[in-house]
2 protein chains.
Amino acid sequence: MSKSLTYTDKEEKLAQYSKALGHPARIFILNFLEKQCSCFAGDISSQLPIANSTVSQHLTALKEAGLIQGTINPPTIKYCINKTNWEEAKTLYREFFEV
Amino acid sequence: MSKSLTYTDKEEKLAQYSKALGHPARIFILNFLEKQCSCFAGDISSQLPIANSTVSQHLTALKEAGLIQGTINPPTIKYCINKTNWEEAKTLYREFFEV
DNA sequence: AAACTATATTGCAATATTACTATATAGTTT
DNA sequence: AAACTATATAGTAATATTGCAATATAGTTT
């Protein structure tokens, strides 16, 4: 038997990042932020066929996963990639696929 | 406005693969298959703290996402990574993070 | 202070995910 | 053919996700 009681940190983190990437709207948002370096929520929602409130939810999900961060500059919020975690995710995926 | 009506193929595919990777048990299974080259469902479920039927569900999810394939060899089924799609996923992630 | 702007939150409904136990399937051995 | 083995599926319950309209928030301009 010897059932492991839990998963490793890497398994948990990769799953967490993947869950955040698991919706095309969030992939779109991240692609957009990669190109623009930074942007406002309005820029994003004007390009997607979903309501503002839904975009806001996706942004919150990406923030909670650590992939983006927002700088408040009223009345807008400027979003950008969280580079530290982005690099971590990149490394995790590279390791995962290269092994 | 000019709302796009849908997402690109790449956005959809990356989201689909990510959704499949969005659970630590499925990350574990794929890591296991990477190391073992191939294995049986029983090998996997003996290493995870979840029921056989739940492992079976995760295997089905990975199969539907195209990341693994099974060869029937009664009474066992030998699972392995689907190399074509694995390479595609790898390329999609590389592009996504390198841009 | 009232109106405005950009964004977030709430409340709700529909659907999907996760996990389990119990049962079914399919092929093998006795 | 009956018992066995490995795996899948059905049925069920709890929880999570997705999306929207309506409302709230917070700062700015008139």
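In what follows, chains carry the letters A, B, and so on, assigned in the order in which the sequence lines appear, proteins first and then strands, with residues in each chain numbered from 1. No experiment lies behind these values; they were computed from the predicted model shown. Below, each value reflects all heavy atoms present in this structure, side chains not excepted, and no hydrogens, waters or symmetry copies.
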Of all of residues 18-25 of chain B, which get a heavy atom below 4.0 angstrom from DNA chain C, listed by number?
B/Lys19, B/His23

Rounded distance in Å - CD1 (A/Ile44) to C1' (D/dG19)
17 Å

Position toward the 5' end of DNA chain D (nearest nucleotide), A/Ala61 or A/Ile72:
A/Ala61

To the nearest angstrom, the CG-C1' distance between A/Leu48 and D/dG19 comes to 13 Å

Is it the case that the base of C/dA19 and the side chain of B/Gln57 share a donor-acceptor contact (distance under 3.5 Å, atom types as modelled)?
yes

How long is the gap from CD on A/Glu88 to CG on A/Asn82, to the nearest 0.5 Å?
9.5 Å

Ignoring hydrogens and geometry, is there a side-chain-to-backbone donor-acceptor pair from A/Thr54 to A/Ile50 under 3.5 Å?
no

Heavy-atom nearest pair, B/Asn85 first then B/Gly66, reads ND2-O, 2.9 Å

When you check every protein heavy atom under 4.0 Å of nucleotides 2-7 of chain C, what one-letter string (B, S, -) results, 5' to 3'?
---BSS

Answer yes or no: is there a side-chain heavy-atom contact under 4.5 Å between A/Ser18 and B/Tyr17?
no

Shortest non-hydrogen contact from B/Leu67 to B/Ala20?
CD1-CB, 4.0 Å

For the pair A/Ile27 and A/Leu21, evaluate side-chain contact (heavy atoms from CB on, under 4.5 Å) and give the outcome as yes or no after the intermediate values.
CA-CA 6 Å; A/Ile27 296 288; A/Leu21 298 182; 3.9 Å; yes

What is the distance, to the nearest angstrom, from the CD1 atom on B/Ile29 to the C1' atom on C/dA19?
14 Å

Using whole Å, what does the distance between atom C1' of nucleotide C/dA8 and atom CD1 of A/Ile50 come to?
15 Å

Pairs flagged by side-chain hydrogen bond (donor to acceptor under 3.5 Å, both in side chains) wherever residues 55-70 of chain A is involved - sequence neighbours left out:
A/Arg26-A/His58

What is the separation between atom CG on A/Leu62 and atom C1' on D/dT18, rounded to the nearest whole Å?
14 Å

Is there a donor on the side chain of A/Ser53 or the base of D/dA21 sitting less than 3.5 Å from an acceptor on the other?
yes

Just jot down the side-chain contact (heavy atoms from CB on, under 4.5 Å) partners of A/Leu59, sequence neighbours excluded, or say none.
A/Ile29, A/Ala41, A/Ile44, A/Val55, A/Ile68, A/Tyr79

Aromatic ring proximity B/Phe96/A/Trp86, centre distance under 6.0 Å
yes

Student check: side-chain heavy atoms of A/Phe97 and B/Arg94 closer than 4.5 Å
no

Parsed dot-bracket for DNA chain D after applying the Watson-Crick and G-U rules with both distances under 3.5 Å and | for other-strand partners is ||||||||||||||||||||||||||||||

Which residues pass the side-chain contact (heavy atoms from CB on, under 4.5 Å) test with B/Lys10, sequence neighbours left out?
B/Thr8, B/Leu92, B/Glu95

C/dC20 phosphate, OP1 or OP2, under 4.0 Å from B/Thr54 side-chain N/O
yes

Within the pair A/His58 and D/dG19, is there a side-chain N or O less than 4.0 Å away from OP1 or OP2?
yes

